[in-house]
Amino acid sequence: MRRLLSPVLCSFLLIVTGCAANRTVAPAGPVPSIPPPSLEALAENVWVHKSWAHVEPWGLVLSQGLVVKGPEGVTLVDTAWNDEDTERLLALVEQTLGAPVHTVIVTHAHGDKMGGLGAVHRRLDRTWALPLTNQDAAPRGLVPARHTFGEDETIGSVQVFHPGPGHTRDNVVVFHPASQTLFGGCLIRPGESNSLGNTADADVARWAETVAAVAARFPETRFVIPSHGPTGGRELLDHTIELARNAGGQ
């Protein structure tokens, strides 16, 4: 007989997994091996980084971030799930790009986005987050960033924008003007999704208007990268707005 999870345990798991969508519970069996972090080239000087974690009851969960190489150095947007895989990711970036990570930006206070900042701080202290993210990090067992940015700010070759609450109160997006690439993180849902995913820390009522603010702020966007699915175009913004409105947002 399948054992039911208590509401308290379910809430805890949602916080641990961060942005992962609800998934069917897999049959009992051996835990699958976790692939190492990887990089996928997207445009000139732009890569998507991928890392995985096995999280019950959803199984193997992918989380993505952004890597940009600019005149100031290499910028990493979001870490891997934990320190160990973030160490691997930092080494992979340096090996692939021929330069070490110079700056790290995290997009909100969930483990899949900043769970590896401890490893980053062993190498550098140029880590950045919204003040709200640092406020929420410690209560969730996460390491805060060393520096903070404003609501709409340029850091190196990218623009960081806090459009309002959605997936979390602190979710930011990151735009790379040179390639017209928008990293939407967990605020933006992948095209195949039929729900908003984890809403444990969400403001569902305002999610749609927050994504609309992103669309208005970056009208030149060509590529849109969600945290948990394939890269798409501006249709992912429209798709997320529709999901949010169907879930009760404005």
Side-chain angles (χ1 to χ4, degrees), residues 14-15 17-23 42-43 46 48-50 61-66 68 77-78 105-114 128-133 136 149-155 158-177 179-250:
L14 285 171
I15 291 173
T17 57
C19 326
N22 296 333
R23 296 174 58 176
L42 178 66
V46 179
V48 179
H49 72 75
K50 301 172 183 285
V61 179
L62 165 70
S63 182
Q64 299 182 136
L66 188 67
V68 172
V77 179
D78 290 338
I105 298 167
V106 295
T107 57
H108 63 274
H110 278 164
D112 54 344
K113 304 286 93 183
M114 59 188 301
W128 296 82
L130 196 70
L132 285 175
T133 299
D136 290 341
F149 48 73
E151 299 285 309
D152 192 344
E153 190 166 325
T154 297
I155 300 176
V158 300
Q159 297 170 350
V160 185
F161 178 52
H162 178 229
H167 171 70
T168 59
R169 68 174 186 156
D170 61 319
N171 46 213
V172 301
V173 298
V174 179
F175 185 68
H176 181 239
S179 65
Q180 300 178 312
T181 297
L182 176 72
F183 179 69
C186 300
L187 178 66
I188 305 304
R189 300 296 294 152
E192 71 273 14
S193 63
N194 57 15
S195 76
L196 293 175
N198 173 15
T199 57
D201 298 314
D203 188 335
V204 174
R206 295 181 61 188
W207 198 318
E209 69 180 77
T210 293
V211 177
V214 174
R217 176 66 180 81
F218 302 112
E220 67 273 37
T221 296
R222 179 184 178 192
F223 301 110
V224 179
I225 306 167
S227 282
H228 300 292
T231 298
R234 293 183 64 86
E235 74 279 356
L236 295 189
L237 305 179
D238 296 332
H239 176 59
T240 303
I241 290 172
E242 181 180 7
L243 289 176
R245 287 175 175 165
N246 290 342
Q250 300 299 314

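Index from 1, following the sequence.
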Please check this pair: side chain of [X] against backbone of [Y], looking for a donor-acceptor N/O pair closer than 3.5 Å.
X    : Y    : value
H49  : V77  : yes
W207 : L187 : yes
R234 : A215 : yes
S195 : G197 : yes
Q64  : G229 : yes

Any residue meeting ring pair (Phe, Tyr, Trp, His ring centres under 6.0 Å) with F149, in chain and number order, not counting sequence neighbours: none
Which residues share a side chain to side chain contact (heavy atoms under 4.5 Å, CB included) with S179, sequence neighbours left out: A43, V46, H176, T181
Non-neighbouring partners of E151 that pass side chain to side chain contact (heavy atoms under 4.5 Å, CB included), sequence neighbours left out: L130, H162
Of all pairs that satisfy salt bridge (Lys or Arg N to Asp or Glu O under 4.0 Å), the ones with a partner from residues 212-231, not counting sequence neighbours: D152-R217
Stepwise side-chain contact (heavy atoms from CB on, under 4.5 Å) check, D201 with R169: CA-CA 7 Å; D201 298 314; R169 68 174 186 156; over 6 Å; no
Would you mind reporting whether [Y] and [X] have side-chain heavy atoms less than 4.5 Å apart?
X    : Y    : answer
D78  : S63  : no
K113 : C186 : yes
V68  : V174 : no
D112 : V61  : no
T154 : Q159 : yes
T107 : S227 : no
P163 : V211 : no

Salt bridge (charged side-chain N to carboxylate O under 4.0 Å, His left out) partners for D203, two or more places apart: none
Passing candidate, side-chain contact (heavy atoms from CB on, under 4.5 Å) with F183, options T231, L66, V160: L66
N171: side chain to side chain donor-acceptor pair (under 3.5 Å) partners, not counting sequence neighbours: none
Whether F175 and F218 hold their rings parallel, tilted or perpendicular, with breakpoints at 30° and 60°: parallel
